Each structure stands twice: as structure tokens, then as C-alpha cells.
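Just so we're clear, the structure is a prediction, and the values are computed from it rather than from any experiment.
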Amino acid sequence: MGRLTTHVLDTASGKPAAGLKIELYLLDGGVVHLKTVTTNADGRADGPLLEGQAFLQATTNSAFMPGNI
């Protein structure tokens with residue numbers, strides 16, 4: 001099965017965006033909050049945002065919150 005991951009770079013500094021909050025939502029006839037993660041020092045979530053059975057063919061939205069870093 002597949003998995004959804006992320007790697008965020010701060011384009012102003014050219015470095016990984018550490019400490020960035022990311023919220024993931026399922027958009028399927030409504031809005032359902034699935035997960036909130038914070039990026040590590042490498043600008044990545046510590047694990048996949050979705051994987052296994054949770055990785056469905058669906059429409060999702062990722063909200064990146066740059067104001068908190």
C-alpha cells in the first residue's frame with residue numbers, strides 16, 4: 001500500500017522548515033480532521049501522514065501553518 005509523506009523547505013532561508021504545524025483533513029462530503037503533525041529538524045513529519053488502510057483514494061487537504069515557526 002502507499003503512504004503520504006511530506007518534506008517542507010523554507011524557501012526564504014533554503015533550509016528545512018522545522019517546527020511547522022501541518023493539519024490534514026479528509027474532504028468527502030464534509031470536512032473531517034485526520035491528523036496534526038509538526039515537522040522535525042529535517043522539515044519532515046516523523047512518520048507518514050497516512051498509510052495502510054488509512055491511505056484511501058479520497059480528496060484530502062493539507063493546511064500548513066507557517067506562522068507558528
Check your understanding: Quick one: are K35 and E23 in side-chain contact, heavy atoms under 4.5 Å?
Key -> no
Answer whether the closest heavy-atom distance between the side chains of T6 and R44 falls below 4.5 Å. no
Sequence neighbours excluded, the answer for side-chain contact (heavy atoms from CB on, under 4.5 Å) partners of T11 is none
Between L9 and L20, is there shared hydrophobic-cluster membership here, with clusters defined by ILVMFWY side-chain heavy atoms closer than 4.5 Å? no
Sorted by chain and residue number, the salt bridge (Lys or Arg N to Asp or Glu O under 4.0 Å) partners of D28 (sequence neighbours excluded) come out as none
Could you check if a side-chain atom of T38 sits within less than 4.5 angstrom of a side-chain atom of I22, using non-hydrogen atoms only? no
key: Main-chain N/O of A45 paired with T39 side-chain donor or acceptor, under 3.5 Å   = no
**Prompt:** With a 4.5 Å limit on heavy-atom distance, are the side chains of L49 and T5 in contact?
**Reply:** no
Review point. Taking side chain as C-beta onward, heavy atoms only, is L4 less than 4.5 Å from L24?
Key: yes
Contacts of Y25 meeting ring pair (Phe, Tyr, Trp, His ring centres under 6.0 Å) (sequence neighbours excluded), chain-then-number -> H33
Between A41 and A18 the two heavy atoms that sit nearest each other are CA-CB, 3.7 Å
Taking every heavy atom of D42 against every heavy atom of H7, the minimum-distance pair comes out as O-NE2, 3.1 Å
